[in-house]
Amino acid sequence: MNMKETFAARLRSIRIMRGYSFRELSEAMGNVVSAQTLANYEGMATFPDSDIMSILLKALDVSYDDVFKPLRIRMENVDFSFRKKHIRF
């Protein structure tokens with residue numbers, strides 16, 4: 001996943017987790033961008049400049065790392081074994 005795809009996917013996830021529609025997020029940003037522009041960011045049609053990015057991250061109360069840092073999941077001590085159940089008719 002490239003940076004643009006990562007940003008778009010995380011923007012959508014964060015916006016939904018915060019309970020914002022595109023219009024509500026636009027209003028939370030002081031209407032510096034339209035709801036359609038926000039939809040374009042999520043659809044990877046456009047990408048915000050640094051000034052808009054700062055306003056967007058502030059409105060969502062997230063950091064730059066939250067939307068761009070690669071996600072790493074570490075799993076330890078996970079037992080994937082299972083017993084097969086035999087069903088007799």
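Predicted, not measured: the structure shown is a model, and the values here were computed from it.
Summarising the geometry, atom CG belonging to Leu38 is positioned 11.5 Å from atom OH belonging to Tyr20; distances are rounded to the nearest 0.5 Å. Taking CD1 from Ile16 and OG from Ser21, the interatomic distance works out to 11.0 Å, rounded to the nearest 0.5 Å. Note that the CE atom of Met53 and the CZ atom of Phe47 stand 4.0 Å from one another [nearest 0.5 Å]. Put simply, OG1 on Thr46 and CD on Gln36 are 9.0 Å apart, with the number rounded to the nearest 0.5 Å.
A cation-pi arrangement is present between Arg15 and Phe22, with the terminal nitrogen or guanidinium carbon under 6.0 Å from the aromatic centre and inside a 45° cone about the axis.
When all heavy atoms of Tyr41 and Ile52 are compared, the closest pair comes out as OH-CG2, 3.5 Å. Shortest non-hydrogen contact noted between Glu24 and Gly19 is OE1-O, 3.3 Å. When all heavy atoms of Thr6 and Val67 are compared, the closest pair comes out as CG2-O, 3.7 Å.
In Lys58, the NZ atom is not crowded: 12 or fewer heavy atoms of neighbouring residues, nucleotides or ligands sit closer than 6.0 Å. Counting non-hydrogen atoms of neighbouring residues, nucleotides and ligands closer than 6.0 angstrom, the CZ atom of Arg18 exceeds 12 such neighbours.
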Practice item. Could you please spell out the steps behind the side chain to side chain donor-acceptor pair (under 3.5 Å) verdict for Ser54 and Asp51? Key: CA-CA 5 Å; Ser54 179; Asp51 292 334; over 6 Å; no

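Between Leu11 and Leu56 the shortest side-chain heavy-atom distance falls below 4.5 Å. Contact annotation: the side chain of Thr37 approaches that of Ser34 to within less than 4.5 Å [non-hydrogen atoms, C-beta and beyond].
A donor-acceptor pair under 3.5 Å links the side-chain atoms of Glu5 to the main chain of Asn2, judged by distance alone. Between the side chain of Ser26 and the backbone N or O of Asn31, no donor-acceptor pair lies under 3.5 Å.
Using a 4.5 Å cut-off between side-chain heavy atoms of Ile, Leu, Val, Met, Phe, Trp and Tyr, with links allowed through other members, Met44 and Leu57 fall into different hydrophobic clusters.
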